[in-house]
Amino acid sequence: MRYSTHCTCCEGIDERIANPKHHPTYEVTWKCNLNCVYCYSRIAVEKGKAPLPGYYGDTDNVKGITISQYGEPLVAGVDEVVRIAKELKDMFEARLDLQTNGTLIREKDVKKLEKVFDLVMISLDVFDREKYVKITGKDHFNDVVNAIKLCKDSGMETIVRCIHMPGINDEDLFKLAEFVSKHDLELFLQPLSVYEEEPLLKLGLDMERVESLYDFVKTVEKLEEIADVRIPGCFISNLRRISKVFGEEFIKNIRRNAKGKSPEMKRERKFVL
């Protein structure tokens, strides 16, 4: 298994680092135009834990910065996001990644974004319009698919970011793999953290499989037969640590605690642009 291109600037890919830090982020807004059933950002907002706009993380030896981990940055407007990105580029010699749900990206916007961003991650968890509406609360499936194609054609490094939701998007993962393979893209698959269990269970979530490391690994292996599928670097590092101590077979029996309490930004806000 390989880690995502997004992870190349993160300490989490180095298993020698006991307490790795995620590379810095610039949070633009906690607002979002979707209402995803699994979203940690929405939970943070509801509990008053969402970070204020600004730069979070180290300011020395910065290799990569993500805009952003909470909310949908483009809700603030493409021009505002580009302004912030330009200022970050002036301050740091770092790769800039845009994390977005893709619903607000239009052809005219891509020309602006490609001038400042090196990489764009667009979230898409299912490959079915009706399922998309059930998960996000909005009908933007076609907009997202079009945004992915536009970004890919622009020359920006484009990644489709997907959450593994056993029982909900099993078939969709293979459709997504075929889609990214056709367009020569990377599929970045991440394990699910559950903050509100009931809505996900209603959609068919298999909680037992969510907590199985082995199930996630086997799913990735199957998808790799179709497309360029990557996973979080920190996840791979942890698997290696476990394997070294207990052996690879031990992973089959490990359960992870997939239930989260309240997402919270643990890094200090350094400045606001």
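As the structure is a computational prediction, the values presented were derived from the model and not from experiment.
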Enquirer: Can you confirm whether the side chains of Thr100 and Glu72 place a donor and an acceptor under 3.5 Å from each other?
Expert: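 Side-chain D/A pair, Thr100 to Glu72: present.
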Enquirer: Would you call Glu178 and Lys175 a salt bridge, using N to O less than 4.0 angstrom?
Expert: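 The answer is no: the pair does not qualify as a salt bridge.
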Enquirer: If you compare all heavy atoms of Gly64 against all heavy atoms of Pro24, which two are closest, and at what distance to 0.1 Å?
Expert: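 In terms of heavy atoms, the two residues are closest at O-CD, 3.2 Å.
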Enquirer: Closest heavy-atom contact between Tyr56 and Arg267?
Expert: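 Closest heavy-atom pair between Tyr56 and Arg267: CD2-O, 3.3 Å.
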Enquirer: Between Tyr132 and Leu34, does the side-chain contact (heavy atoms from CB on, under 4.5 Å) criterion hold? Intermediate values first, please.
Expert: CA-CA 11 Å; Tyr132 182 90; Leu34 299 182; 3.6 Å; yes
Enquirer: Keeping Asp139 on the side-chain end and Val133 on the backbone end, is there a donor-acceptor pair under 3.5 Å?
Expert: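 No, because the side chain of Asp139 does not come within donor-acceptor range (under 3.5 Å) of the backbone of Val133.
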Enquirer: Surrounding CD of Glu171 (heavy atoms of other residues, nucleotides or ligands, distance under 6.0 Å), is the total greater than 12?
Expert: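 12 or below, so no.
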Enquirer: Suppose we screen for side-chain hydrogen bond (donor to acceptor under 3.5 Å, both in side chains). Which residues come up paired with Thr5, at least two apart in sequence or across chains?
Expert: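 If we apply the side-chain hydrogen bond (donor to acceptor under 3.5 Å, both in side chains) test to Thr5, skipping adjacent residues, the hits are Glu186.
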Enquirer: What's the shortest heavy-atom distance between Phe188 and Ile231, and which atoms?
Expert: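 Taking Phe188 first and Ile231 second, the nearest heavy atoms are CE1-C, 3.5 Å.
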Enquirer: What heavy-atom pair brings Cys151 and Val120 nearest, and what distance separates the two atoms?
Expert: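 What the structure gives for the nearest pair is CB-CG1, 3.9 Å.
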Enquirer: Start with the C-alpha distance between Glu196 and Glu46, add both sets of side-chain angles, then the distance that settles side-chain contact (heavy atoms from CB on, under 4.5 Å), and finish with yes or no.
Expert: CA-CA 12 Å; Glu196 286 184 336; Glu46 291 173 359; 3.9 Å; yes
Enquirer: Between the main-chain N or O of Asn142 and the side-chain N or O of Asn146, is there a donor-acceptor pair closer than 3.5 Å?
Expert: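 A pair under 3.5 Å: no.
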Enquirer: Checking Asp206 against Asp170 for the side-chain contact (heavy atoms from CB on, under 4.5 Å) test, could you report, in this order, the C-alpha distance in whole Å, the side-chain angles of both residues, the deciding distance, and whether it holds?
Expert: CA-CA 11 Å; Asp206 186 334; Asp170 295 313; over 6 Å; no
Enquirer: Closest approach of Tyr3 and Ile236, non-hydrogen atoms and distance?
Expert: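 It is N-CD1, 3.4 Å.
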Enquirer: Testing His6, Met1, Gln190, Arg2 one by one against Arg230 for a side chain to side chain contact (heavy atoms under 4.5 Å, CB included), which residue passes?
Expert: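 Looking at His6, Met1, Gln190, Arg2, the match for Arg230 under the side chain to side chain contact (heavy atoms under 4.5 Å, CB included) is Arg2.
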Enquirer: So, for Glu221 and Lys218, which heavy atoms are closest and what is the spacing to 0.1 Å?
Expert: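 Scanning both residues completely, I find the closest heavy atoms to be OE1-NZ, 3.0 Å.
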Enquirer: Under 4.5 Å between side-chain heavy atoms, hopping through other hydrophobics if needed: is there a path connecting Val37 to Val45?
Expert: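 No; Val45 is not reachable from Val37 via cluster members.
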Enquirer: Working note: Tyr38 + Leu205, criterion side-chain contact (heavy atoms from CB on, under 4.5 Å); need CA distance, chi angles, decisive distance, verdict.
Expert: CA-CA 11 Å; Tyr38 61 80; Leu205 185 72; over 6 Å; no
Enquirer: Does a sphere of radius 6.0 Å around NZ in Lys86 hold more than 12 heavy atoms from other residues, nucleotides or ligands, not counting ones at 6.0 Å or beyond?
Expert: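 No.
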Enquirer: State plainly whether the residues Lys134 and Glu130 are in salt-bridge range, i.e. N to O under 4.0 Å.
Expert: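 Result for this pair is no, no salt bridge flagged.
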Enquirer: Rounded to the nearest 0.5 Å, what separates atom CZ in Phe271 from atom CG in Leu88?
Expert: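 Those atoms lie 6.0 Å apart.
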Enquirer: In a check of side chain to side chain contact (heavy atoms under 4.5 Å, CB included) between Met156 and each of Leu150, Val110, Leu98, Asp118, which one passes?
Expert: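 It is Val110, the one option of Leu150, Val110, Leu98, Asp118 that forms the side chain to side chain contact (heavy atoms under 4.5 Å, CB included) with Met156.
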Enquirer: Residues two or more places apart in sequence or in another chain: which of them pass salt bridge (Lys or Arg N to Asp or Glu O under 4.0 Å) with Arg240?
Expert: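 With sequence neighbours excluded, Arg240 shows a salt bridge (Lys or Arg N to Asp or Glu O under 4.0 Å) to Glu15, given in chain and number order.
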Enquirer: Look at atom CZ of Arg129 and say whether more than 12 heavy atoms of other residues, nucleotides or ligands are closer to it than 6.0 Å.
Expert: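 Not buried by this count: 12 neighbours or fewer within 6.0 Å.
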Enquirer: Strictly distance-based, threshold 3.5 Å: is any side-chain N or O of Lys21 a donor or acceptor partner for the main-chain N or O of Gly57?
Expert: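 Side chain of Lys21 to backbone of Gly57, a donor-acceptor pair under 3.5 Å: no, none is there.
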Enquirer: How would you list all residue pairs meeting ring pair (Phe, Tyr, Trp, His ring centres under 6.0 Å) that involve residues 63-106, not counting sequence neighbours?
Expert: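 Of all non-adjacent pairs touching residues 63-106, those that pass ring pair (Phe, Tyr, Trp, His ring centres under 6.0 Å) are Tyr40-Tyr70, Tyr55-Phe92.
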Enquirer: Between the side chain of Gln69 and the main-chain N/O of Glu27, is any donor-acceptor distance below 3.5 Å?
Expert: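 Not at all, since once roles are kept as given, no pair shorter than 3.5 Å links the two residues.
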Enquirer: Is there a donor-acceptor contact under 3.5 Å from the side chain of Ser237 to the main chain of Gly12?
Expert: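 Indeed, once roles are kept as given, a pair shorter than 3.5 Å links the two residues.
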Enquirer: Any chance NZ of Lys63 has more than 12 other-residue heavy atoms, nucleotides or ligands included, within less than 6.0 Å?
Expert: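 Check fails, neighbour count at 12 or below.
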Enquirer: Can Glu198 and Lys202 be said to form a salt bridge (Lys or Arg N to Asp or Glu O under 4.0 Å), step by step?
Expert: CA-CA 6 Å; Glu198 186 178 350; Lys202 286 182 179 179; 3.6 Å; yes
Enquirer: Treating Ile, Leu, Val, Met, Phe, Trp and Tyr as nodes and any side-chain heavy-atom pair under 4.5 angstrom as an edge, say whether Val126 and Ile226 lie in one connected cluster.
Expert: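 Per the 4.5 Å side-chain linkage, Val126 and Ile226 are co-clustered.
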Enquirer: Judged by atom type as modelled, is there a donor-acceptor pair below 3.5 Å linking the side chain of Ser41 to the main-chain atoms of Gly71?
Expert: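 Flag set: sc Ser41 to bb Gly71 pair under 3.5 Å.
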Enquirer: Which distance, rounded to the nearest 0.5 Å, do you find between the OG1 of Thr219 and the CG of Asn169?
Expert: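 Spacing of OG1 (Thr219) from CG (Asn169) equals 9.5 Å.
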Enquirer: When you compare the side chain of Leu189 with that of Phe216, does any pair of heavy atoms fall below 4.5 Å?
Expert: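 In short, these two side chains touch, coming nearer than 4.5 Å.
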